[in-house]
Each structure stands twice: as structure tokens, then as C-alpha cells.
Number of protein chains: 2
Amino acid sequence: MKRRNTDSKKAILELLESSKSALSHDMIQGIISRNIDRATIYRVLNRFCEDKIVRRIVGDDGKQYFAYCINCVEKKQKNNHFHFRCTQCGKVECLNEEVKVALPDGYEMHNFNGIVSGICSDCASLRSGE
Amino acid sequence: MKRRNTDSKKAILELLESSKSALSHDMIQGIISRNIDRATIYRVLNRFCEDKIVRRIVGDDGKQYFAYCINCVEKKQKNNHFHFRCTQCGKVECLNEEVKVALPDGYEMHNFNGIVSGICSDCASLRSGE
DNA sequence: ATTTTATTGCGACATTATCGCAATTAAGGA
DNA sequence: TCCTTAATTGCGATAATGTCGCAATAAAAT
Ligand SMILES: [Mn+2]
Ligand SMILES: [Mn+2]
Ligand SMILES: [Zn+2]
Ligand SMILES: [Zn+2]
């Protein structure tokens with residue numbers, strides 16, 4: 001199945017590339033100026049994931065977040081790492097530390113999804129009065 | 001808010017206690033003989049989590065799984081550990097290995113949610129012909 | 001036995017994500 | 001440039017998961 005270059009695709013990819021944190025569907029919908037349909041955004045994102053251009057992170061809020069892979073590679077995060085989700089501001093960012101998982105014999109790992117949620121330093125300092 | 005001992009509560013807790021793996025709402029609904037309302041099951045589970053009797057695990061399928069805490073304590077898994085979700089049979093089980101997460105300065109961890117999904121040894125061996 | 005109020009059942013609702021289908025449109029070739 | 005093909009989009013419907021309001025029920029205390 002050949003991929004085509006569409007405006008929606010370009011807009012979403014540019015957004016993810018330039019974003020320092022992983023973005024959920026509604027974040028993307030909210031940020032992007034072009035009016036792209038909800039289903040289309042999901043379909044574009046799913047295609048990116050199939051093509052391994054983007055990686056999908058499932059938050060402990062049950063929502064999907066999407067991050068441009070090269071961001072991770074640049075930061076030497078090719079391997080498994082946790083993501084931190086701030087329950088205050090919603091940011092989902094990489095934690096720069098490789099995680100190794102030891103599976104029992106005969107187990108096959110297909111996906112790694114490590115999430116830590118809490119309060120990021122920005123929100124924590126705001127809360128305690130600058 | 002005082003807790004009361006109801007049949008629903010007892011049935012669900014017994015099920016979780018005796019289960020070797022974490023259970024989702026629909027697993028519980030399916031297994032239990034008594035006919036308990038969906039909303040009630042969720043409310044009972046949420047109360048268990050508030051009371052720290054049960055812990056909530058969010059799968060990379062976006063669904064919530066619930067596990068009796070003492071199970072973990074017995075296995076010396078009081079601390080953070082991954083759970084393995086088999087995409088074939090649906091089992092969600094503990095991985096007996098403590099995980100330490102290093103957060104940047106000023107970050108506060110409120111929840112840990114580590115999931116690895118794939119194929120468990122049972123399903124893998126079945127697939128490759130016994 | 002009576003009172004208090006935590007809990008339940010039911011239906012409605014919210015949210016997130018997917019799907020079917022007809023209409024568009026990118027891409028490649030004539 | 002025009003045509004053809006099929007990947008992509010928009011729209012509405014649908015699925016799946018989980019929560020909420022409210023009246024009815026029932027556990028526990030008096
Ligand atoms: Mn990352
Ligand atoms: Mn566990
Ligand atoms: Zn924050
Ligand atoms: Zn399995």
C-alpha cells in the first residue's frame with residue numbers, strides 16, 4: 001500500500017517533529033490550524049506508527065500519545081524508556097534512561113510501554129509559589 | 001466514609017484474591033456467577049484502589065486491570081514492577097523484578113505504570129505446535 | 001425496630017477511537 | 001496535459017470503556 005503526500009500528513013508530521021513532548025489526538029486537533037477531521041488524524045497517526053515514523057505511547061489515563069521517533073533517536077533513546085506524564089499540564093515527555101526488561105523463558109516482547117505520572121518541575125514550582 | 005460489607009464486594013475481592021493475574025472489568029463480569037451491575041463493579045474496584053487493597057494497572061490496550069495487592073507483597077513486589085500482557089490470551093501478570101525510575105530534579109512521581117505486551121510462553125508454545 | 005447513609009441498579013452520559021462509504025485527490029502513465 | 005487508479009479524506013454512525021445522577025435497597029449503628 002503506497003503512501004501519498006497530503007497536506008494533513010505533512011501538517012501533522014511537522015507538528016510532531018517540532019514538538020518537544022508527545023501529543024494526543026486532541027492536542028494535535030487543538031494546535032493545528034488547518035481543519036482536519038478527527039478520523040483522518042487518527043488514520044494518519046496510525047499509518048505513521050505502522051511505518052515506524054512515530055511511536056505510540058499509551059498513558060495511564062488510557063489515552064494515546066504520539067511522538068516523532070527521531071526525537072528519541074537524537075537523544076540516544078532508541079531503546080526502551082519511560083515517559084513522564086504531568087497530570088497538571090498534560091505534558092508527556094521522555095525520561096532519558098534506558099530500561100531493560102527481563103522476561104521469563106519463552107516470552108516474546110512486542111511492545112514496551114512505561115509511564116510515570118505525577119507533577120513536572122514546572123508545575124511543582126508554580127504550585128509552591130515560584 | 002465508612003465501608004460496608006456487601007455480597008458484591010466480597011465476591012469481587014475473593015475473585016481477585018484467588019486470581020493469579022490482574023483482571024479487567026469485563027473479565028470479572030464474565031467470571032463472576034452473581035449478576036452484578038457494570039457500574040457497581042467499577043465502583044467497588046475504585047473503592048478498593050482508594051483503600052489500597054487493589055492496584056490499578058492500565059494496559060497498553062488502554063484498558064484497566066485490577067490486581068489484589070497482597071499477591072504482590074507476598075512475592076516481594078511491594079515496589080514498582082512491570083506487568084506483562086499477553087495479546088493472545090489476555091493474561092496480565094507481574095514480572096518479578098523491581099524497577100527504579102530516576103526522575104529529573106523537581107519531578108514528583110504519583111503513579112508508576114509499566115507494561116510489556118507480547119506473547120506469553122503458554123501461547124507461544126501452543127502456536128509453534130506443542 | 002428504627003434510623004442513617006453507604007451501596008446498588010438502571011439508564012443516561014462522556015470520552016476515546018474506529019469503521020463504512022461516497023467523494024476527493026495524489027501519483028503515475030498515456 | 002489528460003486519464004486512470006487507488007490512497008486518502010470527511011462525514012456520520014458505531015464500538016468500547018468508564019462515569020454519573022437518582023431513586024431504591026440494605027448494612028450497620030442506636
Ligand atoms: Mn520517547
Ligand atoms: Mn503486580
Ligand atoms: Zn506539568
Ligand atoms: Zn498468553
Side-chain angles (χ1 to χ4, degrees), chain A residues 1-16 22-51 53-67 83 85 87 90 92 111 113 115 117, chain B residues 1-16 22-51 53-67 83 85 87 90 92 111 113 115 117:
Chain A
M1 181 139 7
K2 272 195 178 150
R3 297 274 122 101
R4 292 180 182 178
N5 249 331
T6 70
D7 290 346
S8 302
K9 183 177 168 176
K10 276 182 276 184
I12 295 173
L13 193 58
E14 274 173 28
L15 178 55
L16 288 176
L23 300 175
S24 65
H25 155 78
D26 58 299
M27 289 170 172
I28 293 172
Q29 181 108 287
I31 296 170
I32 255 175
S33 49
R34 287 178 36 71
N35 214 33
I36 310 177
D37 185 73
R38 204 159 40 88
T40 299
I41 296 180
Y42 277 115
R43 282 188 281 223
V44 168
L45 290 169
N46 285 336
R47 263 176 262 144
F48 283 158
C49 289
E50 280 176 36
D51 299 346
I53 296 168
V54 161
R55 92 172 46 184
R56 183 196 321 268
I57 300 142
V58 178
D60 54 351
D61 55 355
K63 291 169 60 177
Q64 303 185 352
Y65 295 84
F66 299 88
H83 288 88
R85 183 177 68 88
T87 54
V92 173
N111 187 45
N113 196 77
I115 289 280
S117 63
Chain B
M1 180 138 6
K2 270 194 181 152
R3 297 273 121 102
R4 291 180 183 179
N5 248 330
T6 69
D7 289 346
S8 302
K9 182 176 169 177
K10 276 182 276 183
I12 295 173
L13 193 57
E14 273 173 30
L15 178 54
L16 289 177
L23 301 176
S24 66
H25 154 78
D26 57 299
M27 289 169 172
I28 293 172
Q29 183 108 284
I31 295 170
I32 255 177
S33 50
R34 286 178 37 70
N35 215 32
I36 310 178
D37 185 74
R38 202 159 41 91
T40 298
I41 296 180
Y42 277 116
R43 281 187 282 222
V44 168
L45 290 169
N46 286 335
R47 262 176 262 144
F48 284 158
C49 288
E50 281 176 36
D51 300 345
I53 296 168
V54 161
R55 94 173 41 185
R56 183 196 321 266
I57 300 142
V58 178
D60 54 350
D61 55 354
K63 290 170 61 176
Q64 303 184 352
Y65 294 84
F66 299 88
H83 289 88
R85 183 176 69 87
T87 54
V92 173
N111 187 46
N113 197 78
I115 289 280
S117 63

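Below, read A as the first sequence line, B as the second, and so on, with proteins coming before strands; counting in each chain starts at 1.
The interatomic distance linking A:D51 (CG) with D:dT8 (C1') rounds to 14 Å, in whole Å. Between B:M27 atom CE and D:dT17 atom P the separation is 11 Å, expressed in whole Å. If you measure from atom CD1 of B:I36 to atom P of C:dT8, you get 8 Å, rounded to the nearest angstrom. Between A:I57 atom CD1 and C:dT16 atom P there is a gap of 17 Å when expressed in whole angstrom units. In this entry the distance linking CD1 of A:I12 with C1' of D:dT8 reads 12 Å, nearest Å. Computed from coordinates, the A:Q29 CD to C:dT16 P distance equals 12 Å when rounded to whole Å. Between the C1' atom of C:dT7 and the CD atom of B:E50 lies a distance of 13 Å, rounded to the nearest Å. A straight line from CG of B:L45 to C1' of C:dT8 spans 14 Å, rounded to a whole angstrom.
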What string of B, S and - do you get for nucleotides 20-30 of chain D 5' to 3' if you count protein non-hydrogen atoms under 4.0 Å? BB----BBS--
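Picking from D:dT9, C:dT18, C:dA17 the nucleotide with the shortest atom distance to the side chain of A:K63 gives C:dA17. Closest to the side chain of A:Y42, from the set D:dG18, C:dT16, C:dG9, is C:dT16.
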Determine, step by step, whether B:R56 and B:N111 satisfy the side chain to side chain donor-acceptor pair (under 3.5 Å) criterion, reporting the C-alpha distance in whole Å, the side-chain angles of both residues, the deciding distance to 0.1 Å, and the verdict. CA-CA 10 Å; B:R56 183 196 321 266; B:N111 187 46; over 6 Å; no
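Side chains of B:E50 and B:R3 form a contact here, defined as non-hydrogen atoms less than 4.5 Å apart.
Side-chain atoms of B:R38 and base atoms of D:dG18 include a donor and an acceptor less than 3.5 Å apart.
Taking the six-membered ring for Trp and the full ring otherwise, A:Y42 and A:H25 have centroids separated by under 6.0 Å.
In terms of modelled atom types and a separation under 3.5 Å, the side chain of B:N113 and the main chain of B:V58 share a donor-acceptor contact.
Atom CG in A:N46 sits 12.0 Å away from atom CD1 in A:I41 (nearest 0.5 Å). In this structure, the separation between CD1 on B:I31 and CG on B:L16 is 9.0 Å, given to the nearest 0.5 Å.
When each of A:R34 and B:S24 is assigned the nucleotide of DNA chain D with its nearest heavy atom, A:R34 is the one assigned upstream, toward the 5' end.
If you check every strand for non-hydrogen atoms under 4.0 Å, A:D26 touches nothing.
Between A:V54 and A:F66, the shortest heavy-atom contact is CG1-CB, 3.8 Å.
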